[in-house]
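Written out below as structure tokens is the structure these notes cover.
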Amino acid sequence: MEMTIRPVIEKVPGRPVVIAGPCSAEGEEQVLSTARELAKLGTVDLFRSGIWKPRTRPGSFEGVGTVGLGWLKKVKEETGLKTTTEVANTQHVFEALKHNVDVLWLGARTTVNPFSVQEVADAIKGVDIPVLVKNPINPDLKLWIGAIERIYKAGVTRIGVIHRGFSYHGDTKYRNVPRWQIPIELKRQFPDLQIIVDNSHICGRRDTLQDVAQKALDLNYDGLMTEVHPTPDEAWSDAAQQITPQTFGELLEALQIRSLTSDNPEYVDTIEHLRHEIDEIDEELLNLLGRRMNLADDIGRYKKRNNIAILQTERWGEILDRAKVKGQLKGLSEDFVSVFLKAVHQESINHQEAIMQSRDVEA
Ligand code: PEP
Ligand code: MN
């Protein structure tokens, strides 16, 4: 779907878009004191706070509800900071609009459900309020795009996305694994979407927030959303990942801002030369892969004539093991070698299967 998308937040040159505030609004003083401290930093664009909280199990703190919207209004009046909160149904949208929340966001558990996204889209219809769409909890790019399209079709033109990582079953240092290639592909398809990293929900802990924020900026993200609380250890939700406004200020200070390009002729020249070499290598790789597939076809025909099975597990194991060792000598990670060769191998199998299944005896 063709979309003409405008920025959610006007970017100040030389620094990322910054969204910060507590995971949840807990009380007027907690909200206002956080906002006051954040406003002092001078680089915060948007104050976040959850009013309705989607919790995994009932009985946990599920948000203060509408009363908290009054506190967000005070934040704006007192500090001038614009505000944003999560909405998941019609009532949330109506209440948030009534209380002049500036930007709405869709949470990961909403994006995952087209019924809910549509309900929110229908409630927004006709109001051109900016909307940020978090990635769905499962790594499904189409579902993420679908949610963006539903919001766009409701007449919203200022849409951005928040990358908060994906659920993962197993051991990982992340609370939600980033799978950077998914948001990168989204940005490739829709270059006008502002993309914000939610380092808090990716990390789930304090000590890795800086690295993940930096990585996102190195990947040319537009900004970050971080959970900030005056007394993080006492937070009613997501205590382990929240940081004080002061620590957040230090995090922002330590970020390396890299430019997209440079006017320096030497830089332009060097980068052009290197990119040219990369393009040539890519072309060589494709030629080689083409040749490899032709050989696989030959083998397929030969196996067919001799009625031999396509997959020879032992040989495949040998190829993979050998390549991992060789790859290591070239500075290639085992993971990469394995993913790459598996894809190549699968393509060979597909080719050979097509040959096996063709009616032509001499295929
Ligand atoms: C949040 O931002 O506090 C939140 C609930 O996030 P997510 O939807 O990413 O889980
Ligand atoms: Mn949270």
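Just follow the structure's listing: the first ligand is 1, and inside any ligand the first atom is 1.
Within Glu227, the N, O or S atom lying nearest to the Mn ion (ligand 2) carries the name OE2. Of all the N, O or S atoms in Asp238, the one closest to the Mn ion (ligand 2) is OD2.
Among the atoms of Asp238, none of the N or O lies under 3.5 angstrom from an N or O of ligand 1. Polar contact check, Gly107 against ligand 1: no nitrogen or oxygen pair lies under 3.5 Å apart. In terms of polar-atom proximity, Glu227 is counted as a contact of ligand 1, with an N or O under 3.5 Å from an N or O of the ligand.
Checked for salt-bridge contact, Lys187 and Asp222 meet the test: a charged N lies under 4.0 Å from a carboxylate O.
With the Mn ion (ligand 2) at the apex, Cys23 SG and His201 NE2 define an angle of roughly 180° (rounded to 10 degrees).
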Open item on the list: Please evaluate residues Trp71 and Phe47 with respect to the criterion ring-ring contact (aromatic ring centres under 6.0 Å, His included), reporting the C-alpha separation (whole Å), side-chain torsions for both, the decisive distance (0.1 Å), and the verdict.
Closed with: CA-CA 12 Å; Trp71 308 335; Phe47 181 81; over 10 Å; no
Open item on the list: salt bridge (charged side-chain N to carboxylate O under 4.0 Å, His left out), that's the test. Do Asp211 and Lys173 meet it? Break it down for me.
Closed with: CA-CA 13 Å; Asp211 284 353; Lys173 65 175 179 171; over 6 Å; no
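Distances from atom 3 (O) of ligand 1 to the heavy atoms of Arg109, Glu86, Lys53 show the closest one on Lys53. Between the choices Lys134, His163, Arg164, the shortest heavy-atom distance to atom 6 (O) of ligand 1 belongs to Lys134.
By the 6.0 Å contact criterion, CD1 on Ile278 is open, its count of non-hydrogen atoms from other residues, nucleotides or ligands being 12 or less.
Heavy atoms of Cys23 approach ligand 1 to within less than 4.0 angstrom.
Contacts between Met225 and ligand 1, counted as non-hydrogen atom pairs separated by less than 4.0 Å, are absent for every part of the residue.
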